[in-house]
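Note sheet for the following structure.
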Amino acid sequence: MKPIRVGICGLGTVGGGTFNVLTRNAEEIRRRIGREIIVEMIGARRPNPACDTSAVRTSKDVFDVARDPEVDVVVELIGGYDVARELVMTAIANGKHVVTANKALIALHGNEIFAAASVKGVSVCYEAGVAGGIPVIKAIREGLAGNRINTVAGIINGTGNFILTEMRDKARDFADVLVEAQKLGYAEADPTFDVEGIDAAHKLTILASIAFGSPLQFEKAYTEGISKICPDDVKYAEELGYRIKHLGIARRRENGIELRVHPTLIPEDRLIANVDGVMNAVMVDADAVGTTMYYGAGAGAEPTASAVVADIIDVARTFDSPASSVPGLGFVSDELLDLPVLPVEEIESAYYLRLDASDQPGVMTTITGVLSDAGINIEAILQKEVHAGEQVAHIIMLTHSVQESQMNRAIAAIEALDVVSGTVTRIRMDRLD
Ligand code: HSE
């Protein structure tokens, strides 16, 4: 049988990993699909010293790959939004199947891309875009297709998890760990995407769409990063039996869906609270199967290449049939539901609160009175001396679940008290039970 001819666009960390995995495992892959997959062409501005591409046609212009008549599958690994969008649309217009690791591209332009691919009868695959090497797209779109999914919650940014883990375990400095994550090839070209939660919001947007069968709605996601997490909060959370993780949460509610990325306290005995370093994990709660969890490397050259190559193999398997039988977002396109994304004020969450208050009689009663007046139930309280001899204490409280707007009002009332100085630190909490 004729080989499947792949054109790789971008030969950076993931592009290089993909080239090497395809080359090294060529025989194993041939046995899986009954055909050879060959790298026909590479489009990259510069070579990757980790790859021997001397036998492959190359061009500095990735659009040459998208138009090349010998290429069957275009693998988009250049990243970014605009050029990547144009490249993928050009490939589709030229009748090529597309494999991409670009979550930003899918989260922002996926609706348009899937529509164009459907008209042309080609596949667009993006497994590597979410949670690196973990086959979570396939698990949700295919393995859980018989379920009604209620919640997807995950650690879906390896860099952020690596930073939080190193800060907790080794008391390392935030900036210093970030530099290491960049060197290891985990971080995005713009690392603020990692630490401010934008990368996780891209991935969560995709997970929510395939879980609930709704269009991609990245612009409605609530996004908060980890850059303001301070060591005291990490320490107090541990004392109370919790870990702080950067979570993406998509939850089906009666009147819409919650779509939010933010630091979250999780009970330390949950499996997901123990996912450390660059590892990712995605928990899915569904009506028939119950809770399942998917764990593995969320970033890095070969883990991500593993997902890219699996997608190339999936596409290759469709070559003897008209096109992939799995729709891009896992639901038939005219059956996608326009589920509203709830504003963050309408989400429901438990909270960790930390504030500075005068250390004098009656203060605790005044503060807890504000919460009680707002109908907020307190689960635990901790008081810590800030500096020996000073009349100021850190007050830490864990609350039961309430609507965010209710908590906003209570926090404003606490901040207005004479006995409280500065602002209240608030971290959402999820028991994930
Ligand atoms: N910057 C991403 C992360 C890479 O750290 O998870 C994988 O998407």
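Values below: all heavy atoms of this structure, side chains included; hydrogens, waters and symmetry mates excluded.
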Report yes or no: do Glu196 and Ser227 form a side-chain donor-acceptor pair below 3.5 Å?
yes
Does the salt bridge (charged side-chain N to carboxylate O under 4.0 Å, His left out) test come out yes or no for Arg253 and Glu346, once each step is laid out?
CA-CA 10 Å; Arg253 296 257 311 277; Glu346 287 181 36; over 6 Å; no
Whether over 12 other heavy atoms sit under 6.0 Å from Lys235 NZ
yes
Hey, are Asp52 and Ser54 close enough side-chain-wise for a donor-acceptor pair under 3.5 Å?
yes
With a 6.0 Å cut-off (strictly less than), is the heavy-atom count around CG of Leu271, excluding the residue itself, greater than 12?
no
Would you check, one step at a time, whether the test salt bridge (charged side-chain N to carboxylate O under 4.0 Å, His left out) holds for Arg260 with Glu224?
CA-CA 8 Å; Arg260 49 193 171 102; Glu224 195 180 301; over 6 Å; no
Nearest 0.5 Å please: distance from the OG1 atom of Thr23 over to the CG atom of Asn20.
6.0 Å
Would you call Asp68 and Arg5 a salt bridge, using N to O less than 4.0 angstrom?
no
Compare every heavy atom of Ala211 with every heavy atom of Val152, then report the nearest pair and how far apart it is.
CG2-CB, 3.7 Å
For the pair Glu180 and Arg172, evaluate salt bridge (charged side-chain N to carboxylate O under 4.0 Å, His left out) and give the outcome as yes or no after the intermediate values.
CA-CA 11 Å; Glu180 188 182 345; Arg172 285 181 68 189; 2.7 Å; yes
Under 3.5 Å, is there a donor on one side chain and an acceptor on the other for Asn102 and Tyr126?
no
Can you name the nearest heavy-atom pair linking Ala117 to Val124, along with the distance?
CB-CG2, 3.6 Å
When you check the gap from the basic side-chain N to the acidic O, do Asp430 and Arg251 get nearer than 4.0 Å?
yes
Side-chain donor-acceptor pair under 3.5 Å between Thr292 and Tyr294, yes or no?
yes
Under the rule for salt bridge (Lys or Arg N to Asp or Glu O under 4.0 Å), what residues qualify as partners of Glu345, not counting sequence neighbours?
none
Could you state the interatomic distance from CG (Leu398) to OH (Tyr236), rounded to the nearest 0.5 Å?
13.5 Å
Charged N to carboxylate O under 4.0 angstrom, Asp199 versus Lys103?
yes
Using 30° and 60° as the class boundaries, would you call the ring planes of Phe218 and His202 parallel, tilted or perpendicular?
tilted
Is the closest side-chain donor-acceptor distance between Tyr222 and Glu258 under 3.5 Å?
no
Is it true that Asp356 and His394 share a donor-acceptor pair across their side chains at a distance under 3.5 Å?
yes
In terms of heavy-atom contacts, does CZ of Arg32 have more than 12 from other residues, nucleotides or ligands at under 6.0 Å?
no
Quick check: are there more than 12 heavy atoms from other residues, nucleotides or ligands sitting under 6.0 Å from CZ of Arg431?
yes
I'd like to know if the side chain of Thr13 reaches the main chain of Ala301, judged simply by a donor and an acceptor atom lying under 3.5 Å from each other, with no hydrogens or angles considered.
no
In this structure, which one of Asn161, Thr264, Asn274 forms a side-chain hydrogen bond (donor to acceptor under 3.5 Å, both in side chains) with Lys245?
Asn161
So, taking the atom named OH in Tyr242 and the one named CG in Asp269, what distance separates them when rounded to the nearest 0.5 Å?
9.0 Å
Check this for me, if you would: do Arg24 and Glu302 make a salt bridge, where the nitrogen-to-carboxylate-oxygen distance has to be below 4.0 angstrom?
yes
How are the rings of His109 and Tyr81 set to each other: parallel, tilted or perpendicular (split at 30° and 60°)?
perpendicular
Only residue of Val136, Val275, Val284 satisfying side-chain contact (heavy atoms from CB on, under 4.5 Å) with Met293 is Val275
Does a donor on one side chain and an acceptor on the other come within less than 3.5 Å for Asp285 and Thr151?
no
Chi angles and distances behind the salt bridge (charged side-chain N to carboxylate O under 4.0 Å, His left out) call for Asp232, Arg354:
CA-CA 10 Å; Asp232 277 346; Arg354 175 176 54 79; 5.4 Å; no
